[in-house]
Asker: 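Shown below is the structure under consideration.
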There are 4 protein chains.
Amino acid sequence: MATDPAPASRPHTGRRRNPAVREAVLRRAADLLAGPDGMAVTIDAIARAAGVSKHTIYRWWPSKGAVLLEAVVEHAQQEVPVPDTGVLAADLSTFLSGTFLAVERAGDLFRALAAEALRDTAAAEGMRAFIAARRERLRALLIQGRDRGELPAGIDLELTMDQIYGLMWYRLLIARTPLTAGLAAQLTQAVIGGARPHAPGPPAPIPATSRDDPGDVL
Amino acid sequence: MATDPAPASRPHTGRRRNPAVREAVLRRAADLLAGPDGMAVTIDAIARAAGVSKHTIYRWWPSKGAVLLEAVVEHAQQEVPVPDTGVLAADLSTFLSGTFLAVERAGDLFRALAAEALRDTAAAEGMRAFIAARRERLRALLIQGRDRGELPAGIDLELTMDQIYGLMWYRLLIARTPLTAGLAAQLTQAVIGGARPHAPGPPAPIPATSRDDPGDVL
Amino acid sequence: MATDPAPASRPHTGRRRNPAVREAVLRRAADLLAGPDGMAVTIDAIARAAGVSKHTIYRWWPSKGAVLLEAVVEHAQQEVPVPDTGVLAADLSTFLSGTFLAVERAGDLFRALAAEALRDTAAAEGMRAFIAARRERLRALLIQGRDRGELPAGIDLELTMDQIYGLMWYRLLIARTPLTAGLAAQLTQAVIGGARPHAPGPPAPIPATSRDDPGDVL
Amino acid sequence: MATDPAPASRPHTGRRRNPAVREAVLRRAADLLAGPDGMAVTIDAIARAAGVSKHTIYRWWPSKGAVLLEAVVEHAQQEVPVPDTGVLAADLSTFLSGTFLAVERAGDLFRALAAEALRDTAAAEGMRAFIAARRERLRALLIQGRDRGELPAGIDLELTMDQIYGLMWYRLLIARTPLTAGLAAQLTQAVIGGARPHAPGPPAPIPATSRDDPGDVL
DNA sequence: CAATAAACGAGACGGTACGTCGAGTCTTATC
DNA sequence: GATAAGACTCGACGTACCGTCTCGTTTATTG
């Protein structure tokens, strides 16, 4: 992901990286993905569309997956708001519908990244790092809500997040069914109102950290 | 998926299809997928490993994705039990842990199929058909349970299934975290105990078929 | 040079090599060499012009040099006569002017091969083998003539051939001056009449095999 | 070949050309050529080895061929003596063995230049100019000798030189057989003793300038 | 039992993308 | 203005995989 080769000891010398190249590549990659035959984008096509030499692309990104990943990151950073109204139901709904909207709009981009990550270990690693960052935001939201008593105390946050993001990726990659604001509301409902029953009956037997593995990924 | 070219009018003439070919291809494809470099399996490699000519593969399967799909179907058919004890909690838990175990064991096979489906429309279509069949089984289980009162009446079955399968595919394709029997139990708990609150208050405003789209896929 | 992969034990199986491919490649390579920008011929260009895939070229020839070499061999085989009138002066003159004419006509082809041989060891090896075969013909002619007394007994044949072929390649590669029939006659004169003086005076002190190395190449 | 960009009207401004650069480039180019993989030397490698920027190389030399050419010229100037004892046999032998020794020692350098000249017209032009200068020296030697009667009057000097240099380049580029002092002596013998028979008979019908083309190259 | 028809192994072939490399140009900052 | 460092374009390289296409052999069915 455009590693900085300057080891900090030497100030920097020689011609600087042209930022227009980076922008053009990422933008054109996203554009091509959105077009017809989006899933069959090639490095050559990106290079041609961006008016950039293939060599230059390979200088800054190790593989096609890395380009897609950086395009996704770029896309996500400017699109998804992180709300904080102090009410979990509202915040969560906003966060999810914002996420869904952004992902839906760049659907082919995300699908292409996932396809690449399924073949290229490095791309998968980068994708997981990106996902972990997004998941961190959601976790913070949920923890706040739980601390305010808006969530059952015994809730398994990781499992809940797995279900939320699982639903999203499932619809995006497999079912290809839409990710709407209505779905975000429904999901919010399910998490807050029904993730764990407050009602009497058999107490929730699941401990706080009941996941089978401690992974942080999402 | 191994189309039968006989047009039914003429009985049959010439040499018969060798069933060993089909078996060898599907078995070797699965084997190779399971090995190192599993995701990079080629048709040539499958042909070589199965002692079969590439031409023969393409005679019976239209594309690489079709081979993977049939291998997955084969795998699923012999692996996953469909229980019916009359108690939803038990049946669901059994069904899910069986599914998770089978999927986990052939992880690379499923991942390769998903990767192919992301590029090849036909493979995606076939995969969705397979998934719809599996989903149908789960739906039958859930409806039975609901009719026996083991599930809240207002539950949105499609959304619930989206969350279940979403979790599964998410862990399989993206997070690469394990799918254990414990997870199956936890999920069963969440669906039965907490999918919707039984507590009084505003009745669940969500209609029976509240999904944003009417698709049957899963 | 289009090695035959059949190890003779197995008769042969599978589709046969398409001879039209070989012909088209060699012919088009020669054509392109003769055109403008001849020295900058690429494998891609040859493939395109021959209506053949690059892959196929690499299947049969290990490198560009090998293609050029085979084109040269093909060219030489059908072009240069090997006379045998029993009179050295006539035979030698005919042989040389035939050689010169053929080489001159396919000048760019020979130059490209030489250029390739200067970079690629394998091409150089093949080229030397081809040259050795041509040199063998010339040697036979000269030995016949010497046995008939048409050449001085003490003549160093290898040195003489080095000078003849040296002149040819020098004009072809370096000086780029023409190789004419007149030059062939002049050279014949020099070899026969003046290679060694028959006249009295200091006897030729050069032994029969005076070359510094025994190489057979030319 | 290291063109001087100063337009002569303005005395000079700014930093002067660093002569160490020129030396380092030419020396390192020759060194690299002599090493393993000599024929595959790149401008980058030369720049790196010389501790010089690529840009600087291209400021002073128009192309890779020009660098090689100047390296060859440099090499030749300091290596090859031009004797003048007043005896052709001695002078010629000395000249040739000196030439052969120098060329042989920097074999890869000469071969690389020839390879470059086969692709780059400008390099070929420069190379021919260099060769013409060398040939001029040899011509002067031969003419002196002829005027002193040490050569047959009817000798075709250009053809003789073509044969001499042809032999040299042939062994250098094609046959890759050594160029020894013994060969120089043998060649001297052939030129002086036997270039044309002194014997009676039909007088040499070849006019003084019998070459098929008037070129001066060698 | 021959003629016919299909299945099959071997492998050649066209197409298309990949990732790498070298030549030569241009830019930035320093000397 | 000369220089080092290095970003950049252009274009060729050789490799890999896909899916299609012969070619000759083997196996079954039909007349």
Side-chain angles (χ1 to χ4, degrees), chain A residues 5-6 10-18 20-21 40-45 47 51-60 62-64, chain B residues 5-6 10-18 20-21 40-45 47-48 50-64 120, chain C residues 5-6 10-18 20-21 40-45 47 51-60 62-64, chain D residues 5-6 12-18 20-21 40-45 47-48 50-65 119-120:
Chain A
R10 199 163 26 72
H12 182 280
T13 182
R15 183 176 176 179
R16 302 292 175 73
R17 178 178 184 183
N18 181 359
V21 164
V41 170
T42 68
I43 290 278
D44 275 274
V52 150
S53 114
K54 209 167 38 148
H55 196 62
T56 300
I57 294 185
Y58 280 107
R59 179 193 307 278
W60 298 112
S63 66
K64 190 160 68 169
Chain B
R10 193 165 31 71
H12 185 72
T13 261
R15 184 175 176 179
R16 300 292 176 72
R17 177 178 183 183
N18 182 358
V21 164
V41 169
T42 69
I43 288 281
D44 275 272
R48 217 176 310 122
V52 148
S53 119
K54 218 165 36 143
H55 190 61
T56 302
I57 294 185
Y58 281 104
R59 176 190 303 279
W60 299 112
W61 293 274
S63 67
K64 184 167 133 176
D120 174 5
Chain C
R10 199 160 31 70
H12 181 280
T13 182
R15 183 174 176 178
R16 302 293 175 70
R17 177 178 186 182
N18 181 359
V21 164
V41 170
T42 69
I43 291 277
D44 275 275
V52 150
S53 111
K54 208 167 38 146
H55 195 62
T56 300
I57 295 185
Y58 282 108
R59 179 192 309 278
W60 297 112
S63 66
K64 189 159 70 169
Chain D
H12 189 70
T13 266
R15 187 172 170 183
R16 298 294 173 71
R17 176 178 185 184
N18 181 358
V21 164
V41 169
T42 69
I43 288 282
D44 274 273
R48 215 175 313 123
V52 149
S53 121
K54 218 161 44 140
H55 188 63
T56 302
I57 294 184
Y58 279 105
R59 175 187 303 280
W60 300 112
W61 292 274
S63 68
K64 183 167 138 177
R119 298 179 192 269
D120 175 5

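A note on names: the letters A, B, ... follow the listed sequences, proteins ahead of strands, and every chain is numbered from 1.
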Asker: List the residues meeting salt bridge (Lys or Arg N to Asp or Glu O under 4.0 Å) with Lys54(D), not counting sequence neighbours, and say none if there are none.
Answerer: Asp44(D)

Asker: Could you give the CG-to-P distance, from Asn18(A) to dG6(F), as a whole number of Å?
Answerer: 17 Å

Asker: How many angstroms lie between atom NE2 of His55(B) and atom CH2 of Trp60(B), to the nearest 0.5 angstrom?
Answerer: 10.5 Å

Asker: Assign each of Ala45(C) and Ile43(B) to its nearest nucleotide of DNA chain F by heavy atoms, then name whichever residue's nucleotide is nearer the 5' end.
Answerer: Ala45(C)

Asker: For Arg16(A), what residues pass the salt bridge (Lys or Arg N to Asp or Glu O under 4.0 Å) criterion, not counting sequence neighbours?
Answerer: none

Asker: Determine: side-chain N/O of Arg17(C) to OP1/OP2 of dG11(E), distance under 4.0 Å, yes or no.
Answerer: no

Asker: Between NZ of Lys64(D) and OG1 of Thr42(D), what distance do you get to the nearest 0.5 Å?
Answerer: 7.0 Å

Asker: Does a side-chain N or O of Thr56(D) approach OP1 or OP2 of dA2(F) to a distance below 4.0 Å, or not?
Answerer: no

Asker: Calculate the interatomic distance between Arg59(A) atom CZ and dG22(E) atom C1'; express it in whole Å.
Answerer: 13 Å

Asker: Please report the distance, rounded to the nearest Å, between CD1 in Ile57(D) and P in dA4(F).
Answerer: 9 Å

Asker: Taking OP1 and OP2 of dC8(F), is either one under 4.0 Å from a side-chain nitrogen or oxygen of Trp60(A)?
Answerer: yes

Asker: For the pair made of CG in Asp120(B) and C1' in dC17(F), what is the distance, rounded to whole Å?
Answerer: 15 Å

Asker: Does dG22(E) have its OP1 or OP2 closer than 4.0 Å to a side-chain nitrogen or oxygen of Lys64(D)?
Answerer: no

Asker: Locate the shortest heavy-atom distance separating Ala47(C) from Ser53(C); write the atom from each residue and the value.
Answerer: CB-C, 4.2 Å

Asker: What pairs of nitrogen or oxygen atoms, one from the protein and one from nucleotides 25-28 of chain E, lie under 3.5 Å apart?
Answerer:
from	atom 1	to	atom 2	distance (Å)
dC26(E)	O2	Arg15(A)	NH1	3.0
dC26(E)	N4	His55(D)	ND1	2.8
dT27(E)	O4'	Arg15(A)	NE	3.2
dT27(E)	O2	Arg15(A)	N	3.4

Asker: Please work out if Gly51(A) contacts a base, only the sugar-phosphate, or nothing of the nucleic acid, heavy-atom cut-off 4.0 Å.
Answerer: sugar-phosphate

Asker: Measuring from Tyr58(C):OH to Ser63(C):OG, what's the distance to the nearest 0.5 Å?
Answerer: 8.0 Å

Asker: Does Ser53(A) place a side-chain N or O at less than 4.0 Å from the phosphate oxygens OP1/OP2 of dC8(F)?
Answerer: no

Asker: Name the residue closer to the 5' end of DNA chain E, choosing between Val52(C) and Ser63(A) according to the nucleotide with the nearest heavy atom.
Answerer: Val52(C)

Asker: Within this structure, what is the CZ-to-P distance between Arg119(D) and dG22(E), rounded to whole angstrom?
Answerer: 14 Å

